[in-house]
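Report on the following structure.
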Amino acid sequence: MPKRYWLMKSEPDAYSWDDLVAEGEGTWDGVRNHRAANNMRAMQVGDEAFFYHSNIGKEVVGVISISVTGITDPSDPDGKWAAVKVRPVRKLARPVTLAEIKADPALEGIELVRLSRLSVAELTEPEWKHILSLSDG
DNA sequence: GCCAACGTTGGC
DNA sequence: GCCAACGTTGGC
């Protein structure tokens, strides 16, 4: 299974990049959308994801890697929803804003924009590399 | 099984 | 603060 690429949203008020770095490893729980949950179920250990700050910032701030897959959401009393654990890899040299992503023809059709309410989205490899290039120059 | 009402998310 | 998109709920 080749590596896949994801984008995971969090409101920094609730859980920010700095919170994850402080923890070292974080459980990505509280997802209550089937499409987002299915994306988490499809994740493999070692897949990489962008950490995106929604609402405040509206920008991709860092790269994380999936460290544990296939766990049930500890915040779900019924134990039906999926969760994963993630670790920070590196902060981006420069955050990439939603406005930049929307304005870039190379990122037309990206799930982040097309399905704006999806909290766990998949990126194609070209989309992933393009966003990295926007940050790193 | 349809659809209106309502709640939530997230951008503006 | 508003609104669009989308999911869920409940009446019929």
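Below, read A as the first sequence line, B as the second, and so on, with proteins coming before strands; counting in each chain starts at 1. In this text, all values refer to a predicted model and were calculated from it rather than measured experimentally. Just so it is clear, the values below take in all heavy atoms, side chains as well, and ignore hydrogens, waters and symmetry mates.
Counting to the nearest Å, the P atom of dG11(B) and the CD1 atom of I110(A) are 13 Å from each other. As rounded to whole Å, 11 Å separates atom P of dC12(B) from atom CD1 of I101(A). Distance, D13(A) CG to dG11(B) P: 13 Å, rounded to whole Å. Spacing between atom CD of E111(A) and atom P of dG11(B) amounts to 15 Å, rounded to whole angstrom units. Between L98(A) atom CG and dG11(B) atom P there is a gap of 6 Å when expressed in whole angstrom units. Atom C1' of nucleotide dT9(B) and atom OH of Y52(A) are separated by 12 Å, given to the nearest angstrom. The CD-C1' distance, from E100(A) to dG11(B), rounds to 16 Å in whole Å. Between the C1' atom of dG10(B) and the CZ atom of R114(A) lies a distance of 17 Å, rounded to the nearest Å.
Residue K102(A) places none of its side-chain N or O atoms closer than 4.0 Å to OP1 or OP2 of dG10(B).
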Atom pairs, protein N/O to nucleotides 4-8 of chain B N/O, distance under 3.5 Å:
unit_1 : atom_1 : unit_2  : atom_2 : d
dT8(B) : O2     : R117(A) : NH2    : 3.0

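Residue pairs meeting the side-chain hydrogen bond (donor to acceptor under 3.5 Å, both in side chains) criterion with at least one partner in residues 68-82 of chain A, sequence neighbours excluded, are R32(A)-D73(A), R32(A)-S75(A), D73(A)-S75(A). Sorted by first and then second residue, the salt bridge (charged side-chain N to carboxylate O under 4.0 Å, His left out) pairs with a member in residues 123-135 of chain A read E125(A)-K129(A); sequence neighbours excluded. Note on residues 40-62 of chain A: pairs passing salt bridge (charged side-chain N to carboxylate O under 4.0 Å, His left out), not counting sequence neighbours, are K3(A)-E48(A).
For the atom pair OG of S133(A) and CH2 of W128(A), the computed distance is 12.5 Å after rounding to the nearest 0.5 Å.
Taking the side-chain contact (heavy atoms from CB on, under 4.5 Å) definition, one finds that S116(A) meets it with nothing, sequence neighbours left out. Residues forming a side-chain contact (heavy atoms from CB on, under 4.5 Å) with D18(A) (at least two apart in sequence, or on another chain): S16(A), K91(A).
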